[in-house]
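Heavy atoms only: backbone and side chains are in, while hydrogens, waters and symmetry mates are out.
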Amino acid sequence: MNTSRTTVPCLSPKRSSENVFIPMKRPLLKQHKGCLPYDPHMKAKDLFQEYFQILKNPQWIARRPIYSISFNQLHSLLYGSNTKNIYKSWPNYHKKHFNRSYPYTSMTRLVFKSIAQELSIPLHLVVEIGSFIGKSSSNIGRVIQNNPAWADKTVLLCIDTWLGSVEHWIQERPLIGIEFGRPTIYEQFLANMIEAELTNTVLPLSTPSLVGAQILLRYKLFPQIIFLDSAHLQGETLVELELYWELLQPGGILVGDDWKWIAVQCDLLRFADSVGVKPNVIKNIWYIKKEIDRDYD
């Protein structure tokens, strides 16, 4: 596979004649071609102020950040110290078996390995937002397992509601396996992780992406790689970029799928402009790096 990179230029801020609804002392951002118009003054930080206020809380500041956590420690943190292993205790009421029929992911093993090798810090925690039945999760997990430096020291946390998207409910209903009015995607994800023998590497967190971000922030869990493959409407991805960029350990890499989706591309370019970074692209995968010694606020 060809993993040649394309660097997308970071565009300079540009003044706009649009009406000002919320006065902010920040430069107006360029309106990219083909993108729906944004309020040039508004960022996710303006909409989710309470999320970011914790960054100024003295008690939160005083707590030690967590950059490295074992599988068992994360299992206890998320589900409770007395909870049995979620894979071993899973009853599989829906009789799910391994299913590799879902064809869509741009995050191949080769692409993840290539991006991870660009890290300037040790890799201990990877977070994936939007896992579905686990095709990209399996690829990432296998790369972790096959690297001696990561195998016993790195955990992949997968955040998803496992309830499906609008497209799944309207156009691709068989993919989400509805039983008794509810999708069974989560059960299929567990079955696939068991079949892939990733039950000591991958942990699921069944919650919306915004709630997942808050949980990580409350615990001060800072991943080295975050993979966004959840939101695909313009504005949705922008919110996730803002929230998860804050969680990314300095020196880490924020990665995403679906560069060719215009809504994703618009949000990424806007966000990259706002923090002054240059997106890199490998086919349909994009990524941006968070430098260690730079203030992005």
Measuring from [X]:[atom1] to [Y]:[atom2], what's the distance to the nearest 0.5 Å?
| X | Y | atom1 | atom2 | value |
| --- | --- | --- | --- | --- |
| Ile225 | Leu123 | CD1 | CG | 5.0 Å |
| Gln73 | Ser68 | CD | OG | 7.5 Å |
| Gln145 | Glu197 | CD | CD | 7.5 Å |
| Arg100 | Lys135 | CZ | NZ | 9.0 Å |
| Ile178 | Trp169 | CD1 | CH2 | 4.0 Å |
| Lys289 | Ser120 | NZ | OG | 8.0 Å |

Please check: side-chain N/O of [X] versus main-chain N/O of [Y], any donor-acceptor pairing under 3.5 Å?
| X | Y | result |
| --- | --- | --- |
| Asn146 | Arg142 | yes |
| Ser114 | Leu110 | no |
| Asn284 | Ser106 | no |
| Arg63 | Arg218 | yes |
| Glu128 | Phe227 | no |
| Asp229 | Asp257 | no |
| Gln265 | Lys260 | no |

Where do [X] and [Y] come nearest, in terms of heavy atoms and distance?
| X | Y | value |
| --- | --- | --- |
| Ala116 | Trp150 | CB-CH2, 3.5 Å |
| Ile69 | Ile66 | CB-CG2, 4.1 Å |
| Gln234 | Ala263 | N-CB, 3.4 Å |
| Leu78 | Leu157 | CD1-CD1, 3.6 Å |
| Gly164 | Ile176 | CA-CG2, 4.3 Å |
| Ile133 | Asn99 | CD1-O, 3.7 Å |

Steps toward side chain to side chain contact (heavy atoms under 4.5 Å, CB included) verdict (Leu228, Trp286): CA-CA 10 Å; Leu228 294 179; Trp286 57 263; 4.3 Å; yes
Membership question, hydrophobic clusters at under 4.5 Å side-chain separation (ILVMFWY): are [Y] and [X] in the same one?
| X | Y | value |
| --- | --- | --- |
| Phe98 | Leu175 | no |
| Leu221 | Tyr51 | yes |
| Leu210 | Leu163 | no |
| Ile292 | Leu125 | yes |
| Leu217 | Phe52 | yes |

In this structure, are over 12 heavy atoms from other groups packed under 6.0 Å from [X] atom [atom1]?
| X | atom1 | value |
| --- | --- | --- |
| Glu172 | CD | yes |
| Asp152 | CG | no |
| Lys153 | NZ | no |

Identified side-chain hydrogen bond (donor to acceptor under 3.5 Å, both in side chains) partner of Ser209 from the options Glu240, Glu236, Gln214: Glu240
Got [X] and [Y] here, is their nearest side-chain heavy-atom distance under 4.5 Å?
| X | Y | value |
| --- | --- | --- |
| Ile282 | Asn280 | no |
| Lys290 | Leu254 | no |
| His124 | Gln224 | yes |
| Phe271 | Ile288 | yes |
| Leu268 | Leu241 | yes |
| Trp162 | Ser131 | yes |
| Ile86 | Pro204 | yes |
| Ile159 | Tyr244 | yes |

Students often mix this up, so state it plainly: with edges at 30° and 60°, are the rings of [X] and [Y] parallel, tilted or perpendicular?
| X | Y | result |
| --- | --- | --- |
| Trp261 | His232 | tilted |
| Phe189 | Tyr186 | parallel |
| Phe222 | Tyr67 | tilted |

Derivation and outcome, side-chain hydrogen bond (donor to acceptor under 3.5 Å, both in side chains), residues Glu118 and Tyr287: CA-CA 11 Å; Glu118 294 194 26; Tyr287 64 99; 2.8 Å; yes
Gln53 versus Asn57, side-chain donor and acceptor atoms under 3.5 Å: no
From CA spacing to verdict: side chain to side chain contact (heavy atoms under 4.5 Å, CB included), Phe112, Val126: CA-CA 11 Å; Phe112 180 77; Val126 181; 4.1 Å; yes
From CA spacing to verdict: side chain to side chain contact (heavy atoms under 4.5 Å, CB included), Asp273, His32: CA-CA 10 Å; Asp273 286 349; His32 290 281; 2.8 Å; yes
Stepwise side chain to side chain contact (heavy atoms under 4.5 Å, CB included) check, Glu179 with Tyr93: CA-CA 11 Å; Glu179 295 188 27; Tyr93 293 126; over 6 Å; no
